[in-house]
Amino acid sequence: MDDNFDKAAIAVIIVFGALIVGGLMAANLVVGDRNGFLFALGSGFAAWIAGHMMLFDLPRTYAVLVGVAAIMAVASTLSYVF
């Protein structure tokens with residue numbers, strides 16, 4: 001098994017930060033929902049830090065931060081919908 005996690009960490013940073021959370025932030029900005037925007041921003045920040053935890057080989061911290069990012073992304077989506 002290959003122990004090179006650099007590509008996976010960069011993929012996590014790009015996918016969460018730029019694509020998913022960027023879209024959530026833009027959608028919440030358009031409708032003027034501050035809470036949804038801040039949840040999306042927090043989700044992107046948690047995912048960005050999680051990518052660095054993978055680079056530093058801290059798997060438990062990585063798992064916790066990805067969970068936090070996912071929960072905040074769901075909260076942002078729910079804030080946008082309701």
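For the numbers below, each heavy atom of this structure counts, side chains included, while hydrogens, waters and symmetry mates do not.
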*Write down the atom of Y62, the atom of A50, and the distance for their closest heavy-atom approach.*
CD1-O, 3.1 Å
Side-chain donor-acceptor contacts of residues 8-37 below 3.5 Å, not counting sequence neighbours, with atom names and distances?
unit_1, atom_1, unit_2, atom_2, d
N28, ND2, L24, O, 2.9
N28, ND2, G36, O, 3.4
N28, ND2, S76, OG, 3.0
D33, OD2, S79, OG, 2.5

*Can you hop from M53 to V66 via hydrophobic side chains spaced under 4.5 Å?*
yes
*Could you check whether the rings of H52 and W48 sit parallel, tilted or perpendicular, using 30° and 60° as the cut-offs?*
perpendicular
*Roughly how far, to the nearest 0.5 Å, is OG1 of T61 from CZ of F56?*
11.5 Å
*Gap between atom CG of L58 and atom CD1 of I49 - 0.5 Å precision*: 12.0 Å
